[in-house]
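Reckoned from all heavy atoms, side chains included, excluding hydrogens, waters and symmetry mates.
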Amino acid sequence: MWLRYSFRVYPSAGQRTALARAFGCARVVYNDALRAREAARSEGKPFPKTGDLSKELITQAKTRPERAWLGEVSAVVLQQSLRDLDTAYRNFFAGLKGKRPRTGVPRYKSRKDTRQTVRFTANACWSITPGGKLRLPKIGDVTVKWSRVLPSTPSTVSVVRDSAGRYFASFVVVSSEEEALPPTPPEVGIDLGLGHFAVLSDGQKVDSPRFLRRAEKRLKKAQRVLSRKEKGGRNRERARIRVARSHARVADARREFHHQLSTRLIRENQAIAVEDLAVKGLARTRLAKSVHDAGWSTFVSMLEYKAARYGRTFIRISRFEPTSQVCSVCEVKDGPKPLHIRVWTCAACGAVLDRDINAAVNVAKAAGLAVTACGALVRPERVPAPRGEAGTHPKRPARPVGEQAGIPGLQTGEEVNSRCRSRCSRTNRPSCTCGSCRTPRSRSRTRSS
């Protein structure tokens with residue numbers, strides 16, 4: 001499996017200038033190649049190949065005065081820009097054939113784009129110095145903040161400048177086969193939501209952090225300051241960077257939360273089942289901001305690739321599965337329910353079910369996982385016994401009270417009264433205990449007896 005490791009880099013002022021030059025040259029070559037192919041299509045000519053474009057737009061262009069500055073950057077960066085254009089066209093045609101999600105026609109890159117990137121392959125002879133710096137051709141040794149160790153030797157490295165003005169080095173490596181985790185028995189189903197980010201079939205509930213909602217006040221203030229700046233000025237660029245950094249801070253916190261939760265679930269469970277949610281459809285409703293703030297698609301993608309990396313089982317069930325309508329105890333479909341109903345009672349078995357836990361259990365069952373539905377049962381409903389089952393069984397004779405209670409020597413009330421009458425007739429009723437003799441007993445007689 002190909003993995004990507006990103007690290008923060010801190011280029012100097014001269015290195016930032018060299019990187020800006022590389023970003024600009026890669027963008028120009030990309031736009032020239034796109035313009036050449038669009039012109040060939042409009043004129044009905046054959047589609048230009050990448051080799052011909054590389055010879056014309058890179059090798060021959062460097063000899064012309066108007067494109068001589070292309071020689072100031074590494075040729076690998078320019079060639080990879082043409083590869084990116086090929087990938088964009090390939091994805092576009094594959095989307096038209098239905099082999100992948102549809103994407104738009106490749107568009108021209110603008111110099112005003114706040115996110116820029118260049119890629120260096122092994123042919124560029126980039127390396128990592130003994131001092132831990134990243135040596136890039138025609139740029140220099142860039143300081144890298146190494147937060148972890150690379151699992152293998154990287155094949156390519158991309159330098160990215162994001163909208164907040166931060167620089168990152170992204171390495172592409174191959175994961176080793178020794179990363180598979182030992183088998184573990186638990187299997188879990190996950191129901192994703194907004195009130196709770198994730199509800200597991202074993203009854204655990206993970207609260208939704210709502211990073212965007214918590215940062216709305218700060219973002220609103222920064223955006224208001226940006227809107228009052230004059231376009232084209234340096235103050236507006238500074239205000240734009242403040243807004244971008246605020247959004248980047250929210251995105252980083254959300255990504256860290258997704259990584260920690262997905263890693264914990266992968267390590268603790270052998271199989272994980274989730275529902276294939278229609279995020280694009282939900283993003284067009286009044287819950288759009290909350291749906292984007294949750295980031296379900298990113299979280300599910302992390303679960304999928306981590307399961308494949310560590311030898312776990314990942315299952316997606318259909319979004320049309322009625323997980324919220326079926327009782328996880330008796331599996332009787334009770335019909336759709338509004339969103340405000342969080343706890344409901346099954347009309348068939350009388351179990352009181354939590355909506356989210358019940359859905360998580362049904363997700364696991366739909367995926368074929370061996371999970372129990374005990375987590376969905378909140379409390380048993382007190383159902384009165386039917387009239388046919390109340391009292392003594394009609395086919396058996398009534399047993400005495402003592403035998404029913406299981407206490408030896410306990411007699412019925414009729415036996416006690418008959419014995420009392422016989423004793424009262426013999427001893428002239430000295431100590432009567434029955435209701436037939438109305439002679440009251442004295443306190444001394446009662447104590448002595």
Side-chain angles (χ1 to χ4, degrees), residues 6-8 110 112-117 145 147 160-168 170 190-200 204-265 274-304 319 324 338-343 354-357 359-360:
S6 293
F7 302 91
R8 184 78 180 269
S110 173
K112 296 182 180 180
D113 291 341
T114 56
R115 189 181 186 278
Q116 303 286 343
T117 178
K145 183 67 175 179
S147 57
V160 181
R161 183 184 184 273
D162 64 356
S163 300
R166 303 177 300 178
Y167 292 85
F168 295 90
S170 180
I190 303 177
D191 178 67
L192 301 175
L194 296 178
H196 292 88
F197 177 78
V199 179
L200 310 185
Q204 299 182 32
K205 293 186 177 181
V206 181
D207 293 333
S208 181
R210 300 180 180 178
F211 297 104
L212 180 61
R213 294 289 186 179
R214 283 160 38 185
E216 266 186 327
K217 187 175 181 180
R218 183 176 65 252
L219 291 172
K220 183 178 180 180
K221 182 178 179 180
Q223 188 66 42
R224 188 187 302 116
V225 173
L226 173 62
S227 64
R228 294 172 179 172
K229 301 300 180 182
E230 185 179 357
K231 293 185 179 180
R234 291 188 177 182
N235 289 336
R236 182 178 178 86
E237 180 63 19
R238 295 192 186 98
R240 186 201 64 79
I241 292 178
R242 291 193 193 99
V243 175
R245 287 179 178 176
S246 299
H247 282 285
R249 204 174 293 115
V250 173
D252 292 344
R254 184 188 298 113
R255 188 184 306 109
E256 182 68 15
F257 168 74
H258 288 164
H259 273 296
Q260 291 182 358
L261 181 58
S262 59
T263 301
R264 180 173 68 87
L265 293 175
V274 297
E275 187 177 4
D276 186 16
L277 298 174
V279 180
K280 290 185 178 180
L282 293 173
R284 291 192 292 266
T285 64
R286 59 185 179 87
L287 302 175
K289 184 180 291 187
S290 298
V291 170
H292 288 303
D293 190 12
W296 294 329
S297 297
T298 304
F299 175 71
V300 173
S301 300
M302 289 182 181
L303 283 177
E304 187 172 8
R319 67 185 62 171
S324 299
L339 289 177
H340 69 273
I341 298 179
R342 310 313 302 173
V343 178
D354 184 279
R355 181 190 184 103
D356 299 329
I357 301 179

What is the distance from atom [atom1] of [X] to atom [atom2] of [Y], rounded to the nearest 0.5 Å?
X      : Y      : atom1 : atom2 : result
Ile241 : Ser163 : CD1   : OG    : 10.0 Å
Lys231 : Arg236 : NZ    : CZ    : 6.0 Å
His292 : Ser297 : NE2   : OG    : 9.5 Å
Phe257 : Ser262 : CZ    : OG    : 9.5 Å

Spell out, as yes or no, whether a donor-acceptor pair under 3.5 Å connects the side chain of [X] to the backbone of [Y].
X      : Y      : result
Thr263 : Gln260 : no
Asp113 : Arg115 : no
Arg161 : Thr117 : no
Arg242 : Ala222 : no
Arg8   : Lys145 : no
His258 : Ala294 : yes

Legend entry - Crowding at CZ, Arg245 (>12 non-hydrogen neighbours, <6.0 Å):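 Counting other residues, nucleotides and ligands, CZ of Arg245 stays at 12 neighbours or fewer.
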Is the closest side-chain heavy-atom distance between [X] and [Y] below 4.5 Å?
X      : Y      : answer
Arg214 : Pro209 : yes
His196 : Asp207 : yes
Gln116 : Val160 : no
Ile357 : Lys205 : yes
Val300 : Leu277 : no
Val274 : Phe299 : no
Leu192 : Glu275 : no
Leu219 : Leu212 : yes

Please report the shortest heavy-atom distance between [X] and [Y], naming the atom on each side.
X      : Y      : result
Arg218 : Arg249 : NE-NH1, 3.8 Å
Asp293 : Arg254 : O-NE, 2.8 Å
Ala283 : Ala288 : O-CB, 3.0 Å
Leu194 : Arg210 : O-NH2, 3.6 Å

Inset, instruction - Check ring pair (Phe, Tyr, Trp, His ring centres under 6.0 Å) between Phe7 and all other residues, then give those that pass, not counting sequence neighbours. - result: Trp146, Phe171
Inset, instruction - Taking atom types as modelled, find out whether Ser290 and Arg213 have a side-chain donor-acceptor pair closer than 3.5 angstrom. - result: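 Yes, Arg213 and Ser290 have a side-chain donor paired with an acceptor closer than 3.5 Å.
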Inset, instruction - Answer yes when Asp252 and Arg255 have at least one side-chain N-carboxylate O distance shorter than 4.0 Å, and no when they do not. - result: yes
Legend entry - Pair Arg240 + Glu237, salt bridge at N-O below 4.0 Å: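 So Arg240 pairs with Glu237 through a salt bridge.
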Legend entry - Step-by-step side chain to side chain contact (heavy atoms under 4.5 Å, CB included) determination, Val291 to Val279: CA-CA 8 Å; Val291 170; Val279 180; 4.0 Å; yes
Inset, instruction - Please lay out, stage by stage, how Ile190 and Val199 fare under the test side chain to side chain contact (heavy atoms under 4.5 Å, CB included). - result: CA-CA 6 Å; Ile190 303 177; Val199 179; over 6 Å; no
